[in-house]
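Here's the structure, in structure tokens; my notes come after.
A note on names: the letters A, B, ... follow the listed sequences, proteins ahead of strands, and every chain is numbered from 1.
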There are 2 protein chains.
Amino acid sequence: MAMDDRKFRILQAIIDDYILTAVPVGSRTISKKYDMGLSSATIRNEMSDLEELGYLDQPHVSAGRIPSAKAYRLYVDQLLQSGKLRSEESLPSYFNGRVQKMEEVIDRAAQVLSSLTQYTAVVLSPTGPRMRIRNIQLVSVSPESALVVIVTDAGVVRDSVVRVSRQLDADTLYTISRALTEALSGCTLEEACERMPVLMGRMQENAAILQSVHGYISEARDRNPHSHVGIGGASNMLSWPEYSDVEKARGFLSLLETREKLASIVAQQGDVSLTVRIGPETGVPEMSDCSIVTATYSTHTGRQGTIGVIGPTRMHYSKVMAILQAMGHQLTDLLGEPGSPERK
Amino acid sequence: MAMDDRKFRILQAIIDDYILTAVPVGSRTISKKYDMGLSSATIRNEMSDLEELGYLDQPHVSAGRIPSAKAYRLYVDQLLQSGKLRSEESLPSYFNGRVQKMEEVIDRAAQVLSSLTQYTAVVLSPTGPRMRIRNIQLVSVSPESALVVIVTDAGVVRDSVVRVSRQLDADTLYTISRALTEALSGCTLEEACERMPVLMGRMQENAAILQSVHGYISEARDRNPHSHVGIGGASNMLSWPEYSDVEKARGFLSLLETREKLASIVAQQGDVSLTVRIGPETGVPEMSDCSIVTATYSTHTGRQGTIGVIGPTRMHYSKVMAILQAMGHQLTDLLGEPGSPERK
DNA sequence: TGTTAGCACTCGACGACGTTGAGTGCTAAT
DNA sequence: ATTAGCACTCAACGTCGTCGAGTGCTAACA
């Protein structure tokens with residue numbers, strides 16, 4: 001027995017209905033609501049076959065059937081192939097013209113995504129190998145303290161206060177800044193770390209402060225690559241019938257709180273522009289009944305970021321996929337050309 | 001009929017028990033568990049009086065009693081006066097020696113607070129009038145774009161990419177940066193906004209880019225004063241029996257998501273170092289069965305921040321208050337003297 | 001006068017039980 | 001190959017009686 005076209009159509013109807021209602025769907029529902037010209041008995045036989053093939057599960061003997069992860073996978077693959085997504089549900093622009101701070105863009109994107117989809121959205125800041133130092137500034141803040149600002153082509157990666165000895169006045173700090181910038185501009189963070197000892201030897205009178213700067217650079221280098229993780233619509237998950245049980249919801253919510261872990265889960269592997277991971281495919285046991293849909297966007301410096309939506313496996317895939325794709329493009333347009341959000 | 005000492009002791013016992021169990025407490029419980037040398041009948045009479053006085057509520061005729069907001073208020077005021085908190089539950093230091101980025105400190109503080117209290121913690125970044133510009137930098141990122149970095153004594157308030165015309169090479173940008181810094185250093189953001197037009201007149205050849213800078217400064221000025229809001233333990237709230245009803249939890253959670261609103265609710269009014277707002281006192285209808293306990297910390301620039309814990313009115317006040325106070329001090333120690341977290 | 005024992009009463013929580021209805025699998029007829 | 005029919009299963013739901021924690025009231029007591 002194999003998967004024929006009719007079985008597939010029935011499966012599709014079951015999935016559609018289940019996505020809509022979250023209630024196990026029975027043979028009568030299919031034969032009536034989706035007029036396939038078949039009686040419930042026939043559907044019943046087919047459903048029995050589909051169950052044997054692993055596409056359907058039955059919570060109880062006398063309940064309807066529920067699509068399995070395998071069924072969703074088939075469904076999504078079909079969606080991806082059929083090219084229906086190309087319709088590109090054109091979104092209005094959600095970013096007011098002005099260029100904003102990266103973090104604000106990310107938070108806003110997460111917020112928009114969650115409100116469009118009614119699921120939980122996660123947006124990861126762009127990451128990539130090409131982060132090079134542009135400028136290092138020591139700024140006097142008070143007689144005894146200064147601010148270290150390390151700027152890369154991806155923005156400010158570090159700003160921290162250090163204590164300085166009194167003889168370092170504004171001018172001296174400025175001189176040091178210039179020397180640092182000159183020596184390190186264009187370096188990656190790794191290279192900068194390696195060169196620092198040389199610099200420290202050359203400017204021994206300021207070794208203390210260079211030491212601090214060195215520390216900050218190496219910290220920035222070691223830091224989790226996703227400097228910012230935007231989350232939107234965490235509360236949406238409590239509306240899913242799947243999480244009417246508070247204990248389950250708790251597990252999910254606390255996962256959202258550990259942002260590094262979350263980022264590593266959501267982070268896109270491979271370079272596909274649209275990825276769907278269903279249930280067990282997420283690789284996270286706690287999320288075996290969730291799906292993650294992700295898309296990518298890229299910035300003018302060639303770095304890539306990820307936007308994602310997390311929902312129950314019973315997710316409105318086609319809608320979510322279309323929205324993510326559109327949003328990915330919108331972000332790429334926004335960040336791709338600095339200062340000109342409305343391109344073309 | 002007035003509040004006498006015995007009534008107060010009974011009330012205290014009821015509150016203690018209710019905080020612990022979240023179950024309406026009856027007269028027998030008090031007379032047995034808390035040996036007051038009184039029979040349940042006597043307690044019953046007293047409880048009836050306490051109810052009449054408005055300190056107790058009765059969910060059902062045949063259930064025990066629950067402390068009212070008024071009761072908690074009395075309880076907390078007594079705690080505050082009795083000076084028991086002075087014991088100062090000395091916390092271990094939760095911040096590893098190194099000076100960290102302000103945002104990291106805030107997030108970590110929220111995380112620590114929530115895990116110590118098992119409630120939800122909110123930490124607001126310091127705010128205050130004394131934010132003065134220290135430095136403005138234009139950093140070349142690519143031939144066509146530059147990064148604007150605005151530094152104040154409170155750290156970087158803005159870093160955004162702007163598009164520049166090609167003739168603005170690194171040196172020119174540098175010259176502009178110097179001029180800007182010279183002209184605006186020491187100004188508040190308001191003052192800077194006012195002076196910009198003059199500068200633009202003086203440097204007409206670079207009016208475009210100055211225009212952008214002007215925009216960013218005024219944006220930073222208008223921005224919500226709490227640039228960063230750290231939240232910890234949001235998932236903890238799902239463990240409170242009060243929120244076993246998912247719908248209620250949803251309301252709370254979505255409140256946590258709108259950080260500006262949250263900040264304005266938590267933000268401390270007045271200059272008391274420890275504040276407790278109980279139920280209706282929070283001023284937020286959605287939080288009529290929550291309490292907010294806040295403390296303050298301050299930085300070396302004299303700016304004040306707020307740390308807070310949100311929990312059910314049935315909160316373990318004494319513990320939470322002691323922890324907040326200790327954490328407030330720890331943060332002040334950490335941020336009070338730049339570069340020397342371990343002072344004394 | 002304050003305290004306590006006793007008692008009738010209330011009412012939510014809980015388990016037992018029967019009913020209902022959606023859904024299934026199987027069989028026999030078309 | 002499809003479908004009508006039928007027996008069967010089982011979660012959901014409402015009803016009902018029991019249980020027990022808790023109350024208020026009264027009368028006795030120190």
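- Separating the CD1 atom of I10(A) from the C1' atom of dT2(D) is a distance of 12 Å, rounded to the nearest angstrom.
- A heavy-atom distance below 4.5 Å is found between the side chains of I310(B) and M287(B).
- One finds a salt bridge joining K248(B) and D289(B) here, because a Lys/Arg side-chain nitrogen approaches an Asp/Glu carboxylate oxygen to under 4.0 Å.
- Put simply, NE2 on H60(B) is 13 Å from P on dG22(D), counting in whole angstrom units.
- Under a 4.0 Å N-O distance rule, the pair R65(B)/D57(B) does not qualify as a salt bridge.
- Contacts between residues 22-43 of chain A and DNA chain C, defined by a heavy-atom separation under 4.0 Å, are made by G26(A), S27(A), T29(A).
- For Y72(B), the ring-ring contact (aromatic ring centres under 6.0 Å, His included) partners two or more places apart in sequence, or in a different chain, are Y317(B).
- Along DNA chain C, the stretch of nucleotides lying under 4.0 Å from any heavy atom of chain B spans, 5' to 3', dT3(C) to dG12(C).
- Using modelled atom types and a 3.5 Å distance limit, the side chains of S239(B) and R250(A) yield a donor-acceptor pair.
- In this structure, L324(B) CG and I307(B) CD1 are separated by 5.0 Å, a value rounded to the nearest 0.5 Å.
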| Chi angles and distances behind the side-chain contact (heavy atoms from CB on, under 4.5 Å) call for Y55(B), K7(B) | CA-CA 10 Å; Y55(B) 290 107; K7(B) 280 191 177 54; over 6 Å; no
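- A residue-by-residue look at R6(B) and S62(B) shows that R6(B) has its nearest nucleotide of DNA chain C further toward the 5' end.
- Remark: R28(B) CZ is loosely packed, at most 12 non-hydrogen atoms of other residues, nucleotides or ligands lying under 6.0 Å away.
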